[in-house]
Each structure stands twice: as structure tokens, then as C-alpha cells.
*Asks:* 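Please find one structure pasted underneath; my questions will follow.
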Amino acid sequence: MTAKRALISVSDKTGLIPFVKKLVEKNIEIISTGGTRQLFVDNGIPVKTVDEVTGFPEILDGRVKTLHPMIHGGLLAVRENPEHVKTIKEHNIHPIDFVVVNLYPFKETISRPDVAYADAVENIDIGGPSMLRSAAKNHRDVTVVCDPSDYSAVLEAMNDEGEVPFEIKQKLAAKVFRHTAAYDALIADYFTKQVGEEYPEKLTVTYEKKQALRYGENPHQSAAFYSEPLKNQSTIAEAVQLHGKELSYNNIKDADAALGIVKEFKDPAAVAVKHMNPCGIGIGETINAAFDKAFDADPVSIFGGIIALNREVDAELAEKLHKIFLEIVIAPSFTQEALDILEKKKNLRLLTIEFTDDQNTVPQYTSVRGGLLVQDLDTKGLDGVELKVVTKREPTEEELKQLKFAWKAVKHVKSNAIVLVKDDQTVGIGAGQMNRVGAAKIAIEQAGDKAKGSVLSSDAFFPMNDTVETAAKAGITAIIQPGGSIRDQESIDMADKYGIAMVTTGIRHFKH
């Protein structure tokens, strides 16, 4: 019987030597190239070079070495096809039974902030994906491994003759095609950005599995969490969990919403979130003062909520958090004293996240039945925006400060959205209503006596003047809204009637 052959060329050498030694014990001949071959030599493993097999030297600085019929004929020949067997015999092509290959580190290369274009191009692997795809296509005859974590499974399944069951080979082949597809997706994305194509005719994205989830939004829905391959440390996907039980699907969505809100603020800020909407936002001189305001904004809804903070949690704040039933606390860091207090609650999840990375270029993907919607994240703030006072009365300096706070908050509330703010805290939030005046009534009812003297923000224009009149009767003194309705003047006139200051931004913040 012809001896089996394994072609091995890897950039990730993890676990390679023990694996290859087991192959050699089963009389499998090893073929290799470059640094991988030298590693085998250094470890006393007999190895043939690729050019010994092909009879042709590596050329073009190693760009061409395995792209040869002696290699790909050995990979693609179907052993049960008499014509294939006849052809490879005529050309003295030896079948290759194992391919162990992983690819040039393209992702790692482009992850470097200072990467040169030429370096990125040079780290596009050509021969590796070609070998993997050839082997995976012919997986009935070839065992192909692209991930060191699969070495043990291959060895366990292999019999004394070096045969691996078809079911294992098929799973490995499927993994290879996922691997090469993800690799190509990264390359395609890199070049698409290089040439400035914003929405190309083909969109190929890739994500890496971070964790399996117990279930999705509801227990009858299965789910998993995937992260972007090019890590952004300032995201939920890269959060470090210090304590508590595993995050759920809903935890992740709510935590992402909370993070997006708290990152709006430079001052110490605290955000409480329930079901993707803020139930309380506060800012203050200290993070403790900010949390007090966020809690006071809605001490009922905060129960079972997510808290995001943009400053370190100390013992004083930890004592306050400990008294409330919370699902998650997110912060840049926790003092040891704070951890000692909060870790007494075994299920409370404590996450740390860096608050430094800019996300303005990250696209937002939303799946719909049969397709995918793609848009830029709504990161538009008021920097560089000329606010227009459209009423007879201008807002006071304090009102303007509160209006700007309210505008940051309303952007993160489900539409139709109305937010009331007073004294650096939200006092009323109306979210996700089918009409704007309904959202205003909910916010005003929640605010109670605090509505008087508060300011109001609306995520979109007023189609009628009823919301302004409702706000005026509740004692609201100033309004910020996009403007742009054909009936704007009616709302402006209503504001003038009650002495309300109104500011327009020219920016809409729908959030579906």
C-alpha cells in the first residue's frame, strides 16, 4: 500500500509538534515548507520539502511554491475514479491524504493602526487557501485541518492505518470553507474601504463566534453571540466580565444600548436601561452624584435594569448599587473595595469596557426577512450644528444646557420619543409610542411635579401643535426638536402663546 502523505504549512504552530509526531508514528510522510519545515527539522521529525515533491523551486520570494500540479493533483485526485488514478500514476503524482494549513496573518496585519498598504497586500495568502479549498473539495479522500483546536479530534478518530471517518472529514471541510470565506471577506472589506466604496454591489461580512447563548429573546428561540474580527475595545463584544453569571441575549442588547448612551457624555454620567430604553440618566460633578440623579429619575423602573457609568466605581457607589436588584453594572473600572461589595451578589454581572475607541465608521446591520439593511451608526451630535431659535423667547443659559442634555438622551429612546430633563437628570421619558403627543403625555405623567420647569426634547418634528400645548400646560419652559414639518409655524405659534423657548436642530433621531 502506498504510504500516506501529509502536507503541513502553518503560521500558528500551537500544538503542532505533538500532532505531527503522532502522524509520523502512523507512518505518514510529512511534506512542508519554510519555517514549518525548519521547526520539524529542529524537533527531529523527518520531512520532505515541497520542491522535492514538485521538482520546481520556490520563486517570487515564496509567492509561488505549492501552486503546482504535483501538489494539487495529489489533493484533487478522486481515489475511486479510475481515470483520476490513471492520470496521477502517469505523471508520478503521489496522493496527499492530509492537509494541515492555516493562513498568513492578514487580520492581525490590518489590525495594526500603522499598517502599510504594501504589508497588507503581502499578507494575502494565495497558496494556503488554494490548498485548503482543494483538500476540502476532495474531503472524501483528504483530511483537511485549518484550526489547531481540531488536532486532538483528528487523532482520536484516526485508526491505525491513518484513516479518518468521513463524518469527521466532512465537518473539517465545512470549517475550511467557513475559514477561507471569512479570510476573503476581510480582504474584500479592506480593499473596498481602500477604494472608498461605501455600499458595494456585493456585501460580504464575517463575524467570529464569541459564545453560545442559553436562548434568544425568549426561551423558545436559540441564539449565539458573534463579534467583529477586528476588535474594538470600546464595545460590549470586547467587555471584560469580572463577575456574575453568563450574559443572556437580552442582557447583551440592553448593555449595548446603555453603553451607547453613556458614551454621549464627557461629564460623569450614569445611565439606567430597561428593554433598550433609558429609564434614568443623570450627570454630576462626581459619578456618585450622577448615579443619584439617574436613580431618582425612575426608582421603580431601575429594578432589574442595566447600569452604565463612565467613571470608576468606588466603595461608596458600590454600596448604593448593592442595595438595588440589577442585572449588570458597566464601568471603565472598579476599585477592589467596590468589587468586594458587589461580588457578594453572585449573579450580578460586572463588566469593564474601555471608553476610548471611536466608532464613527462602524456600520449598523439590521436583518429583515430576505435581506439586510445597512447604515452608519447614528453618532451625530450637536458639535458643529447651528441651533436655531425659532420662537420670540430665547432659552436661558441654563435651559440651553438642559436642552443639549435632553437632545443627547432622546437620540437613544425608541420612536416616537419625548424626554423631559431638569437639573441634569431625565425626569420623564415617553418611548415607542404611535403618536408624539402620546409619548409626551407618558413623559409628563412620569415626571409628575418635576415636569414644571423642565425642558423637552423630541426625536422628530411636531406634525401638529398638540404636543407643544400639552407641554405648556405641564409647565415645560423650553423645547428642542428637529423642525422641518410643513406645519412648523403652528407649533412655533403655540410655543410663543405660552412663552416657551423653542430651538430646532435640523437633525432627526428616529430609532426603530
*Asks:* Apply the ring pair (Phe, Tyr, Trp, His ring centres under 6.0 Å) test between F265 and each candidate in W407, F355, F405; give the one that qualifies.
*Replies:*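 Testing F265 for a ring pair (Phe, Tyr, Trp, His ring centres under 6.0 Å) against W407, F355, F405 leaves exactly one candidate, F405.
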
*Asks:* Any salt bridge between E198 and K193, counting N to O under 4.0 Å?
*Replies:*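 No salt bridge links E198 with K193.
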
*Asks:* Checking D493 against Q489: is there a side-chain donor and acceptor pair closer than 3.5 Å?
*Replies:*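 Side chains of Q489 and D493: pair found under 3.5 Å.
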
*Asks:* What are the two closest non-hydrogen atoms of G128 and L103, and how far apart are they?
*Replies:*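 G128 and L103 have their closest heavy atoms at C-CD2, 3.6 Å.
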
*Asks:* Check the side chains of D119 and T109 for a donor-acceptor pair under 3.5 angstrom, ignoring hydrogens and angles.
*Replies:*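 Judged by distance alone, the side chains do not pair up.
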
*Asks:* Closer than 4.0 angstrom, basic N to acidic O: yes or no for D296 and K450?
*Replies:*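 Looking at D296 and K450, the cut-off is met.
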
*Asks:* With a cut-off of 6.0 Å (strictly less than), are more than 12 heavy atoms of other residues, nucleotides or ligands near NE2 of H275?
*Replies:*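 Atom NE2 in H275 is not crowded, with 12 or fewer foreign heavy atoms closer than 6.0 Å.
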
*Asks:* Can a salt bridge be assigned to the pair K175 and D150 using a cut-off of 4.0 Å between side-chain N and carboxylate O?
*Replies:*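 Yes, K175 and D150 are salt-bridged.
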
*Asks:* What's the spacing between N251 CG and D256 CG if we round to 0.5 Å?
*Replies:*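 Separation between the atoms: 12.5 Å.
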
*Asks:* What verdict does the side-chain contact (heavy atoms from CB on, under 4.5 Å) test give for V455 and I480, after you've listed the backbone C-alpha separation in whole Å, the side-chain angles of each residue and the deciding distance to 0.1 Å?
*Replies:* CA-CA 8 Å; V455 304; I480 188 169; over 6 Å; no

*Asks:* Rounded at 0.5 Å granularity, tell me how far CZ in F462 sits from OG in S485.
*Replies:*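 Result: 10.0 Å between the selected atoms.
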
*Asks:* Against I307, only a single residue in V271, I302, V273, I328 fulfils side-chain contact (heavy atoms from CB on, under 4.5 Å); can you say which?
*Replies:*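 Only one option passes, and that is I302.
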
*Asks:* L186 pairs by side-chain contact (heavy atoms from CB on, under 4.5 Å) with which of L230, I124, V205?
*Replies:*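 Exactly one option meets the side-chain contact (heavy atoms from CB on, under 4.5 Å) with L186, and it is L230.
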
*Asks:* Should T505 and L382 count as side-chain neighbours, where that means a heavy-atom distance under 4.5 Å?
*Replies:*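 When only atoms from C-beta onward are counted, L382 and T505 do touch, with a gap below 4.5 Å.
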
*Asks:* Within a reach of under 6.0 Å around NZ of K422, are more than 12 heavy atoms found that belong to other residues, nucleotides or ligands?
*Replies:*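 Atom NZ in K422 is crowded, with more than 12 foreign heavy atoms closer than 6.0 Å.
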
*Asks:* Please say whether more than 12 non-hydrogen atoms of neighbouring residues, nucleotides or ligands are located less than 6.0 Å from CG in D449.
*Replies:*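 No, because the 6.0 Å sphere around CG of D449 holds 12 heavy atoms or fewer from other groups.
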
*Asks:* Is any side-chain heavy atom of V374 closer than 4.5 Å to a side-chain heavy atom of Q364?
*Replies:*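 V374 does not reach Q364 side chain to side chain.
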
*Asks:* Side-chain donor-acceptor pair under 3.5 Å between R487 and N465, yes or no?
*Replies:*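 R487 vs N465: no donor-acceptor pair found between side chains.
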
*Asks:* Can you tell if the side chain of E228 reaches within under 4.5 Å of the side chain of Y207, non-hydrogen atoms only?
*Replies:*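 E228 reaches Y207 side chain to side chain.
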
*Asks:* Using a 4.5 Å cut-off on heavy atoms from C-beta on, say whether the side chain of L420 contacts that of I476.
*Replies:*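 Side chain of I476 against side chain of L420, heavy atoms only: contact under 4.5 Å found.
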
*Asks:* A quick test of your reading: do over 12 heavy atoms of other residues, nucleotides or ligands sit less than 6.0 Å from NZ of K388?
*Replies:*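 Not more than 12 within 6.0 Å, no.
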
*Asks:* Tell me whether the centres of the aromatic rings in Y249 and F225 are closer together than 6.0 Å.
*Replies:*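 No; F225 has its ring centre 6.0 Å or more from that of Y249.
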
*Asks:* Taking the side chain as C-beta and beyond, is there a heavy-atom pair between I283 and P268 under 4.5 Å?
*Replies:*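 They are not in contact (no side-chain heavy atoms under 4.5 Å apart), so the answer is no.
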
*Asks:* Checking side-chain polar atoms at under 3.5 Å, does T391 have a donor or acceptor matched by the opposite partner on D496?
*Replies:*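 Note: T391 and D496 side chains miss the donor-acceptor criterion.
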
*Asks:* Between D292 and K320, does any side-chain N to carboxylate O distance fall below 4.0 Å?
*Replies:*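 Judged by the 4.0 Å cut-off on N to carboxylate O distance, D292 and K320 do form a salt bridge.
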
*Asks:* Please check if any side-chain donor atom of T477 sits under 3.5 Å from a side-chain acceptor atom of E399, or the reverse.
*Replies:*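 Indeed, the side chains of T477 and E399 share at least one donor-acceptor pair under 3.5 Å.
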
*Asks:* Using the rule given for side-chain contact (heavy atoms from CB on, under 4.5 Å), can you reason through L350 versus Q241, listing the C-alpha separation, both sets of side-chain angles and the distance that settles it, and then say yes or no?
*Replies:* CA-CA 6 Å; L350 304 177; Q241 184 167 349; over 6 Å; no

*Asks:* Any side-chain heavy atom of E264 sitting closer than 4.5 Å to one from H412?
*Replies:*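 Side-chain contact under 4.5 Å: yes.
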
*Asks:* Roughly how far apart are K107 NZ and R112 CZ, rounded to 0.5 Å?
*Replies:*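 One finds 14.0 Å between NZ of K107 and CZ of R112.
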
*Asks:* Tell me whether K22 at atom NZ has more than 12 heavy atoms from other residues, nucleotides or ligands lying less than 6.0 Å away.
*Replies:*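 Open.
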
*Asks:* Tell me whether K274 is salt-bridged to D254, with the criterion being a basic N under 4.0 Å from an acidic carboxylate O.
*Replies:*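 Salt bridge absent between K274 and D254.
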
*Asks:* Atom CD of residue position E285 - does it have more than 12 heavy atoms of other residues, nucleotides or ligands inside 6.0 Å?
*Replies:*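 Open: at most 12 neighbouring heavy atoms sit under 6.0 Å from CD of E285.
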
*Asks:* Whether E246 and R214 form a salt bridge (side-chain N of Lys/Arg under 4.0 Å from carboxylate O of Asp/Glu) is what I want to check.
*Replies:*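 Looking at R214 and E246, the cut-off is not met.
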
*Asks:* Just checking L373: does its CG atom have more than 12 heavy atoms from other residues, nucleotides or ligands closer to it than 6.0 angstrom?
*Replies:*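 Yes - once you tally the heavy atoms of other residues, nucleotides and ligands closer than 6.0 Å, there are more than 12.
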
*Asks:* Answer yes or no: are there more than 12 heavy-atom neighbours, outside D423 itself, under 6.0 Å from its atom CG?
*Replies:*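 No, CG of D423 has 12 or fewer neighbouring heavy atoms, counting only those of other groups under 6.0 Å.
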
*Asks:* If you measure from CD on E469 to OG on S491, what distance do you get to the nearest 0.5 Å?
*Replies:*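 So the CD of E469 and the OG of S491 are separated by 10.5 Å.
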
*Asks:* Can you tell me how far apart CG (N250) and CG (L213) are? Round to the nearest 0.5 Å.
*Replies:*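 N250 atom CG to L213 atom CG measures 10.0 Å (nearest 0.5 Å).
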
*Asks:* If you measure from the Lys or Arg side-chain nitrogens to the Asp or Glu carboxylate oxygens, is any gap between K245 and E327 under 4.0 Å?
*Replies:*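 Looking at E327 together with K245, the answer is no, because their closest N to O distance does not fall below 4.0 Å.
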
*Asks:* Tell me whether K401 is salt-bridged to D424, with the criterion being a basic N under 4.0 Å from an acidic carboxylate O.
*Replies:*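 Answer for the salt bridge query: yes.
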
*Asks:* Once you measure the plane-to-plane angle for F325 and F303, does it fall in the parallel (<30°), tilted (30-60°) or perpendicular (>60°) bin?
*Replies:*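 Ring orientation of F325 relative to F303: tilted.
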
*Asks:* Do the two ring centres, one from H512 and one from F510, sit under 6.0 Å apart?
*Replies:*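 Yes, ring centres under 6.0 Å apart.
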
*Asks:* Please tell me whether D147 and S149 have a donor and an acceptor in their side chains that are separated by less than 3.5 angstrom.
*Replies:*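 Note: D147 and S149 side chains meet the donor-acceptor criterion.
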
*Asks:* Would F19 and Y151 count as a close aromatic pair, with their ring centres under 6.0 Å?
*Replies:*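 Ring centroids of F19 and Y151 are less than 6.0 Å from each other.
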
*Asks:* Is the closest side-chain donor-acceptor distance between S234 and K263 under 3.5 Å?
*Replies:*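 A pair is found: one side chain offers a donor N or O, the other an acceptor, under 3.5 Å apart.
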
*Asks:* Side chains of L348 and L342, heavy atoms from C-beta outward: is any pair under 4.5 Å?
*Replies:*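 L348 vs L342: side chains touch.
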
*Asks:* What I want to check is whether the side chains of E208 and S227 have a donor and an acceptor closer together than 3.5 Å.
*Replies:*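 Short answer, no.
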
*Asks:* Do T504 and Q481 have side chains that get closer than 4.5 Å, going by heavy atoms?
*Replies:*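 They are in contact (side-chain heavy atoms under 4.5 Å apart), so the answer is yes.
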
*Asks:* Apply the side-chain contact (heavy atoms from CB on, under 4.5 Å) test between D459 and each candidate in R436, K511, R508; give the one that qualifies.
*Replies:*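 Of all the options given, the one that passes is R436.
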
*Asks:* Any side-chain donor paired with an acceptor under 3.5 Å for N232 and E238?
*Replies:*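 Result is no, nothing qualifies.
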
